[in-house]
2 protein chains.
Amino acid sequence: MKVTISDVAKKAGVSKTTVSRILNGNYSQTTDETRKRVQEAIKSLDYSPNALAKGLKSTRTNVLGIVLANLKNPFWTTVLEGVEDTSREMGYNLMICNSNEDEEYELKHIKELRMRQVDGIVLHPTVKNTEMYRKLLEENYPVVFINRRVPYLNGHSVVMDNIKGATIAVNHLLKNGRKKVAAILYKNPYVSTWSERIEGYKGALREKGYTDNDFCVLELVEGEKNCEVITRFFEQNKDIDAIFSTNNMLTLEVQAVLKEMKIKVPEDVAIVSYDETKWAKFIEPPLTTISQPGYEMGELATQILIKEIQSEKKPIPSTIVLNPELIVRQSAGEGLKNI
Amino acid sequence: MKVTISDVAKKAGVSKTTVSRILNGNYSQTTDETRKRVQEAIKSLDYSPNALAKGLKSTRTNVLGIVLANLKNPFWTTVLEGVEDTSREMGYNLMICNSNEDEEYELKHIKELRMRQVDGIVLHPTVKNTEMYRKLLEENYPVVFINRRVPYLNGHSVVMDNIKGATIAVNHLLKNGRKKVAAILYKNPYVSTWSERIEGYKGALREKGYTDNDFCVLELVEGEKNCEVITRFFEQNKDIDAIFSTNNMLTLEVQAVLKEMKIKVPEDVAIVSYDETKWAKFIEPPLTTISQPGYEMGELATQILIKEIQSEKKPIPSTIVLNPELIVRQSAGEGLKNI
DNA sequence: TTGAAAGCGCTAACAG
DNA sequence: CTGTTAGCGCTTTCAA
């Protein structure tokens, strides 16, 4: 039924070894003549090797795993694209898992991937399975963490400079004459990104002479109905004239509330929002955003992972920090620098 | 280094066979006593089976492949989620590939997936590799086609009713008093979805007594700078008072042009757009859309695929057609039915 | 109820 | 330059 390497060998009148060598490009050891015979046999039988058997023998599968926590946010689609493109280009296939921010799923997925002998894993960690992360690193299993910092652990990682992003955002608002900048975030105690962005927010304000009393932060829970909470927040803080929103979906929620309350953007309240999206320039008013290089993060993480897989000696763990960028449109009250 | 089934067998003082049986739940043939010993050994050695070896032997890998043509459009992210969730629930892992609408990539990916012995494939076909599709079906390889119809081929598929979607859209515009409805699409001769939507558009107009002369269709090329073409289109067709846009990104392009031209939506021109998105209700004016059940499509396709994989005799190929739904907001000139 | 042995399809010493 | 041979880790007859 299925055609194997033996069939090819038989047909070409050579041994399996020879076929195997030719398949793997060890041409140096073969006559042009036999090589041609084998290749004809391969073609005529429409043979293609069994990757399972190959992997079993060579302990390399050329499959990479990626476990993500969020497929819905377009930012992650971009990251996935970077990972996918790079994998393909470098001859790897990709196994994708969605932890959905759930530690149990994450654990199960990592185990599953290892059972399947994937050569390495790109991991957007929930940051709740510290034990497992440590184990992976101890066993020298190739992993690259992305986007979130895992404290006290010394592995490869590619993250964003969230402090800088927040700083840029707040400075932009201040430069445009705003006096009272509020920050809004989805709460998640495990995750460094939000806390870094808030840190950046506070730092930027302090830098300009604001004191801790001036900080104005609203914490929300993702997935809940937040309209009322946001409304109340604005009612209780009438002096807010600018918002630093740390998430693109959150921004849409906030804008809906502002519209409902007849608060004008950017006249009454200016907005800078995290994450550039396809729709940012099309909504009313066009959004000024902090753009993160998601594709590059995926690309780099994959390159590092593959380098680690392919190198003999363990490379020293590195943390790459990527810079976000400000894209100026109209929601923060300034002209059209970018479009 | 790596712990194998032999190690467990040795530690428990039994044979590999026994361990294997217990791993696979063939309890009936084993004493409680030995079972316990084995399970302790497994735990104490932190053993987990090698899925490659297992797959090599049993010719089942419990891995599914999916090849998509477009990761960027949020519609496909939704589909992917449906596939991912269902796979996980039913004990399968997922290998993801992006053909990027390129027939060569598609071919390579399908071959690759088969080499890796994935148990079946969910395929969003470019519809350019008819030979390969036919071969898959002939060889009884489990495949489910999604979203696009492959002509003359009799395989499982899950698609959307694009004619109905277009009809609903056009009827809605007409019902709201519009007289001259234009349709806009990205051109792709291979793909049934666009032609079906145009067919639905024409059918709906004919139904109301329009003739072929009244049809007004703009074909664009995805990825190109279409602003000027769209602008010219409106300049040359001043009487257009409604647009049926067949793609969500296209809609954003069109809206930008209309804004530029100071044409008011929905006062001057009403819009109904294909595909519901997260941002649809937040743009100005909130978009009336045709919503497609993408998650369900992914879910169903995966269920059918797994059923085919697990059943002894080939099930008869079925085509499931899912219905789109109109979500009424303001871009087509009517009140708030849905929000 | 358990085990021995063969083999899934491939690769890699080691000989020749 | 090519072939023989011995496994990779697991499942599965078949026999005990």
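It should be emphasised that the depicted structure is a prediction, and the values quoted were computed from it without experimental measurement. Throughout, a chain's letter reflects where its sequence line sits, starting with A, and its residues are numbered from 1.
For A:S20, a side-chain nitrogen or oxygen approaches OP1 or OP2 of C:dT11 to under 4.0 Å. Residue B:T34 places at least one side-chain N or O closer than 4.0 Å to OP1 or OP2 of C:dT2. Contact check, A:T31 against D:dT2: a side-chain N or O comes under 4.0 Å of OP1 or OP2.
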With side chain to side chain contact (heavy atoms under 4.5 Å, CB included) as the test, would you mind laying out the steps for A:L64 and A:I121 before giving the verdict? CA-CA 6 Å; A:L64 262 30; A:I121 297 178; over 6 Å; no
Would B:K135 and A:D46 satisfy salt bridge (charged side-chain N to carboxylate O under 4.0 Å, His left out), going step by step from the backbone distance to the final call? CA-CA 12 Å; B:K135 201 179 131 202; A:D46 191 23; 3.1 Å; yes
So B:E299 and B:T86, side chain to side chain donor-acceptor pair (under 3.5 Å) or not? Walk me through it. CA-CA 6 Å; B:E299 199 176 19; B:T86 314; 4.8 Å; no
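Counting only N and O atoms by type, the side chains of A:K54 and A:N24 include a donor and acceptor under 3.5 Å apart. Side-chain contact of B:T126 with B:S99: a donor-acceptor pair under 3.5 Å is absent, judged by distance alone. For A:N129 and A:E106, the side-chain atoms include at least one donor-acceptor pair closer than 3.5 Å. Counted by atom type alone, B:S20 and B:T17 present zero donor-acceptor pairs between their side chains at under 3.5 Å.
If one axis is set at each end of the helix from C:dT1-D:dA16 to C:dG16-D:dC1 from five pairs, those axes are 40° apart, to 10°.
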Which atoms of nucleotides 13-16 of chain D (N or O only) lie under 3.5 Å from a protein N or O atom, and what are those distances?
none

With 3.5 Å as the limit, what N/O pairs link the protein to nucleotides 6-8 of chain C?
{"from": "C:dG7", "atom 1": "N2", "to": "B:K57", "atom 2": "NZ", "distance (Å)": "2.9"}
{"from": "C:dG7", "atom 1": "N3", "to": "B:K57", "atom 2": "NZ", "distance (Å)": "3.1"}

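Although no hydrogens or angles enter the test, the distance criterion places a donor-acceptor pair under 3.5 Å between the side chain of A:D119 and the main chain of A:T61. Of the possible polar contacts, none joining the A:S87 side chain to the A:Y92 backbone as a donor-acceptor pair under 3.5 Å is found. A donor-acceptor distance shorter than 3.5 angstrom exists from the side chain of A:K128 to the backbone of A:E101, with no hydrogens or angles considered.
Between B:H124 and B:W76, the angle of the ring planes lies from 30° to 60°, which puts this pair in the tilted group.
Taking atom CZ of residue B:R37 and atom C1' of nucleotide C:dT2, one finds them 11 Å apart after rounding to whole Å. Rounded to whole angstrom, the span from the CG atom of A:N24 across to the P atom of D:dT2 amounts to 16 Å. Following rounding to the nearest Å, B:K2 (NZ) and D:dC8 (P) show an atom-to-atom distance of 15 Å. Atoms CD1 (A:I22) and C1' (C:dA12) sit 16 Å apart, rounded to a whole Å. Following rounding to the nearest Å, B:M115 (CE) and C:dG9 (C1') show an atom-to-atom distance of 12 Å. Between the P atom of C:dT11 and the CG atom of A:N62 lies a distance of 12 Å, rounded to the nearest Å. Rounded to whole angstrom, the span from the CD atom of A:Q117 across to the P atom of D:dC10 amounts to 9 Å. Rounded to an integer number of Å, the gap from B:K54 NZ to D:dT12 C1' is 14 Å.
In this structure, the separation between OG1 on A:T31 and NZ on A:K36 is 12.0 Å, given to the nearest 0.5 Å.
Listed nucleotides: D:dT2, C:dG3, C:dC10. Nearest to the side chain of A:Y47: C:dC10. Side-chain proximity of A:I5 to C:dT11, D:dT12, C:dG3: nearest is C:dT11.
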